[in-house]
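The next block holds one structure in the form of structure tokens; read it before the comments.
All values derive from a computational prediction rather than experimental measurement. Protein chains get the first letters and strands the later ones, always in sequence-line order, with residue 1 at the start of each.
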Amino acid sequence: MGEDRSVSPALGTDGMQRVAPINVPTPEADIPVKKEREKQTRVKYLGLLTGIRKIQTKTGKLMAVGQCEGIDFKFSVVVFPKDYDILSPLLIEDSVLLVEGFLKCNSENGEISVVASTIKSHSISTLRKQAQEMDLFDSSHRVRGKLNRIAALGGNEAQMKPFLLPIPSGASKQDLIDLKSFLMSKPGLTPIHIEISGKRIDTKLSVSDPHHVVEWAKKRWTGFVPREKEVS
Amino acid sequence: MSFEERIKGEKQSIGYSVSGHGLDGLKPFIDKRSIGREFALQFLKDFETSEQNRAFAMEETPISPEE
């Protein structure tokens with residue numbers, strides 16, 4: 001007669017039933033729950049490859065990072081060493097890549113990366129032809145690069161130069177809140193930087209005309225005088 | 001000369017293309033073939049908002065005598 005070696009989770013090897021003490025936390029319950037793994041979002045993006053960087057890892061293996069321009073955002077294509085031999089030959093500058101993989105967003109610097117699992121590489125002409133055959137080509141569509149974004153807004157490149165607004169030492173927090181609302185109400189091409197206690201800060205907001213900001217500041221802060229170099 | 005040849009030639013000679021972008025005209029195709037663009041766009045929108053908020057963050061602006 002064969003010995004039955006199976007052990008029920010409720011019984012010990014001695015056959016004694018194990019009963020968890022009531023209201024006493026099990027050792028597992030005392031261990032902090034491990035940080036939930038970052039949710040992996042699978043995406044498929046198309047972009048024009050504008051640059052490639054090859055990197056040697058600490059273990060001497062090669063990996064590659066490509067810079068792609070999409071129609072509405074830029075992203076990096078990351079090829080790890082395990083896929084390097086298969087995928088890196090597809091990273092051809094000025095070709096259009098169809099990249100499938102996991103999305104990684106860096107909240108420190110705003111960079112978007114796709115860790116590639118598959119890549120398809122097409123020439124611009126091939127893809128345009130394919131799109132035309134599928135009736136998915138719109139000849140009126142233009143990708144908004146820096147230059148044609150300026151043109152579309154009726155501006156010129158000089159307007160892209162940041163304007164520095166010194167914040168008077170007596171300014172209140174409410175002043176800054178109101179300034180932010182004001183800047184947001186005048187969207188345009190000229191980036192606004194503010195200087196507080198000698199520290200220059202990019203507000204990440206752009207206005208149509210920095211003179212409006214100066215006028216606002218004069219009304220808000222008695223005796224406000226902009227530096228001459230700040231307004232052209 | 002094709003569109004591709006023209007923009008590549010411009011990029012080689014002056015560093016960037018003036019006739020257009022390699023993806024011009026391809027929006028409907030890209031819309032159809034892409035998956036998950038909304039995640040990237042939402043991330044960028046959130047990032048921009050947080051950067052704007054950071055620029056005006058009160059803790060970084062020790063200027064208020066009222067507080």
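Looking at A:D94, both its backbone and its side chain come within 4.5 Å of chain B, counting heavy atoms on both sides. Of the atoms belonging to A:D135, not a single heavy atom falls under 4.5 Å from chain B. For B:D31, the part sitting under 4.5 Å from any heavy atom of chain A is the side chain, from C-beta outward, and nothing else. Contact annotation for A:E93: only side-chain heavy atoms (C-beta onward) come within less than 4.5 Å of a heavy atom of chain B. For A:S123, the parts lying near chain B are the backbone and the side chain together; criterion is any non-hydrogen pair under 4.5 Å. With a 4.5 angstrom heavy-atom cutoff, B:L44 touches chain A only via side-chain atoms.
Geometric assessment of B:R37 against the ring of A:Y45 yields a negative cation-pi assignment under the 6.0 Å and 45° thresholds.
Of the listed residues (B:G22, B:G36, B:P28), the one with the most heavy-atom contacts under 4.5 Å to chain A is B:P28. Counting heavy-atom pairs closer than 4.5 Å to chain B, the top-ranked of the candidates A:D138, A:L98, A:V96 is A:D138. The choice from A:R42, A:Q132, A:Q130, A:H193 that makes the most heavy-atom pairs within less than 4.5 Å of chain B is A:Q130. Each of A:V43, A:L127, A:I112, A:I124 has some count of heavy-atom pairs under 4.5 Å with chain B, and the biggest count is that of A:I124. Residue with the most contacts toward chain B among A:E69, A:E100, A:M184: A:E69 (heavy-atom pairs, distance under 4.5 Å). Per-residue counts of heavy-atom pairs under 4.5 Å with chain B were compared for A:G110, A:G47, A:S139, A:A131; the largest is that of A:G110.
For the atom pair B:Q52 CD and A:K204 NZ, the distance stands at 9.5 Å (nearest 0.5 Å). For the atom pair CG (A:L136) and NZ (B:K27), the distance works out to 11.5 Å, reported to the nearest 0.5 Å. In this structure, CG on A:L205 lies 7.5 Å from CD on B:E48, to the nearest 0.5 angstrom. The CZ atom of B:F47 sits 9.0 Å away from the CD atom of A:E111 when rounded to the nearest 0.5 Å. Distance check: A:L46 CG to B:K32 NZ gives 13.5 Å after rounding to the nearest 0.5 Å. In this structure, the separation between NE2 on A:H141 and CG on B:L23 is 8.0 Å, given to the nearest 0.5 Å.
Counting heavy-atom neighbours within 6.0 Å of A:I86 CD1, excluding the residue itself, gives a total of 12 or less. Annotation for A:F80: atom CZ does not count as buried by contact number, only 12 or fewer foreign heavy atoms lying within 6.0 Å.
Of all non-hydrogen atoms in A:F73 and B:L41, the two that sit nearest each other are CD2-CD2, 3.7 Å.
Heavy-atom proximity under 4.5 angstrom to chain A picks out B:I7, B:K8, B:K11 from residues 5-13 of chain B.
With hydrogens and angles disregarded, no donor-acceptor distance shorter than 3.5 Å links the side chain of B:D24 to the backbone of A:R142.
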Item to check | Step-by-step side-chain contact (heavy atoms from CB on, under 4.5 Å) determination, A:S125 to B:E4 | outcome: CA-CA 6 Å; A:S125 299; B:E4 181 172 6; 2.5 Å; yes
